[in-house]
Amino acid sequence: MHLLLIEDTPDLGEAMQTVLTRAGHAVDWVLNGEDAVELLATTPVDLIVLDIMLPGRSGFAILSELRRRRDRTPVLVVTARSEIDDKVGLLDLGADDYLVKPFDLRELEARVRVLLRR
């Protein structure tokens, strides 16, 4: 499967990309919201792993735009924001799942598998 990873923390992004690639996925990784929007305009993906606090354009804005365009690509939000209101708000906005940092990379891999099975 082809995944888009949008994560601005280099060490975490590299680890996530490595794990997902080893799981057999093609992974494009971008470090900011503007690059993500550009890539999504030209490249179809099967799943998006989306950080919320990004330079350029926030994950909130990216998710809102995707859902406004009726894009049904599954989105796994990965963020340090752990308040219930944040989780509920992002799920209501259209996120398919929510993973709070820090997390075990095995859980990331499992959640990606679940979303791709749907």
Side-chain angles (χ1 to χ4, degrees):
M1 294 289 181
H2 186 196
L3 280 55
L4 174 58
L5 170 61
I6 310 167
E7 170 59 57
D8 67 328
T9 305
D11 291 346
L12 179 57
E14 185 177 339
M16 292 167 69
Q17 183 180 39
T18 298
V19 164
L20 295 170
T21 300
R22 283 185 187 154
H25 304 292
V27 181
D28 288 327
W29 172 31
V30 296
L31 292 127
N32 65 66
E34 293 303 324
D35 288 347
V37 170
E38 286 180 30
L39 193 141
L40 286 167
T42 60
T43 307
V45 296
D46 298 300
L47 179 119
I48 299 167
V49 179
L50 176 64
D51 187 12
I52 292 301
M53 306 305 285
L54 296 167
R57 190 178 300 198
S58 75
F60 287 108
I62 293 168
L63 182 58
S64 292
E65 178 61 25
L66 285 170
R67 297 312 186 228
R68 191 171 29 257
R69 290 185 296 151
R70 299 195 193 288
D71 185 324
R72 302 307 310 156
T73 304
V75 175
L76 170 59
V77 170
V78 178
T79 183
R81 299 177 72 146
S82 62
E83 297 297 318
I84 293 298
D85 288 343
D86 292 326
K87 291 178 186 179
V88 171
L90 283 161
L91 292 167
D92 284 346
L93 192 59
D96 295 276
D97 198 0
Y98 193 103
L99 187 57
V100 177
K101 296 176 186 176
F103 54 85
D104 189 295
L105 291 170
R106 294 172 299 172
E107 183 177 3
L108 169 69
E109 191 176 353
R111 289 177 183 263
V112 165
R113 278 193 311 268
V114 166
L115 289 172
L116 290 173
R117 277 197 308 254
R118 290 185 185 168

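Just so it is clear, the values below take in all heavy atoms, side chains as well, and ignore hydrogens, waters and symmetry mates. For reference, positions follow the sequence shown, starting with 1.
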Quick one: list whatever passes side-chain hydrogen bond (donor to acceptor under 3.5 Å, both in side chains) with D28, sequence neighbours left out. H2
Listed by chain and number, what are the side-chain hydrogen bond (donor to acceptor under 3.5 Å, both in side chains) partners of K87, not counting sequence neighbours? none
Closest approach of [X] to [Y] (non-hydrogen atoms, all atoms of both residues):
X    : Y   : value
V77  : A95 : CG2-CB, 3.6 Å
V100 : S82 : CG1-CB, 3.6 Å
P55  : N32 : O-CB, 3.3 Å

Which residue in the set D51, L54, T79 passes side chain to side chain contact (heavy atoms under 4.5 Å, CB included) when paired with E7? D51
Between V88 and Y98, is there a shared hydrophobic cluster once you connect ILVMFWY residues whose side-chain heavy atoms come closer than 4.5 Å? no
Do L40 and I48 come within less than 4.5 Å of each other through their side chains, counting heavy atoms only? yes
With a 4.5 Å limit on heavy-atom distance, are the side chains of H25 and D46 in contact? no
Is V78 isolated, or which residues cluster with it under the ILVMFWY side-chain rule of less than 4.5 Å, directly or via members? M1, L3, L5, L12, M16, V19, L20, V27, W29, L31, L47, V49, L76, L99, F103, L105, L108, V112, L115, L116
Looking at residues at least two apart in the chain, or sitting in another chain, which of them share a salt bridge (charged side-chain N to carboxylate O under 4.0 Å, His left out) with E14? none
Taking only residues two or more places apart in sequence or in another chain, which ones pass salt bridge (charged side-chain N to carboxylate O under 4.0 Å, His left out) with R22? none
Tell me which donor-acceptor pairs under 3.5 Å the side chains of residues 58-70 have, and how far apart each pair is, sequence neighbours excluded?
residue : atom : partner : partner atom : Å
S58     : OG   : F60     : N            : 3.3
S58     : OG   : A61     : N            : 3.0
S64     : OG   : F60     : O            : 2.9
E65     : OE1  : R68     : NE           : 3.4
E65     : OE1  : R68     : NH2          : 2.8
R67     : NE   : G94     : O            : 3.0
R67     : NH1  : D71     : O            : 2.5
R67     : NH1  : T73     : O            : 3.0
R67     : NH2  : T73     : O            : 3.0
R67     : NH2  : G94     : O            : 3.0
R67     : NH2  : D96     : OD2          : 2.9

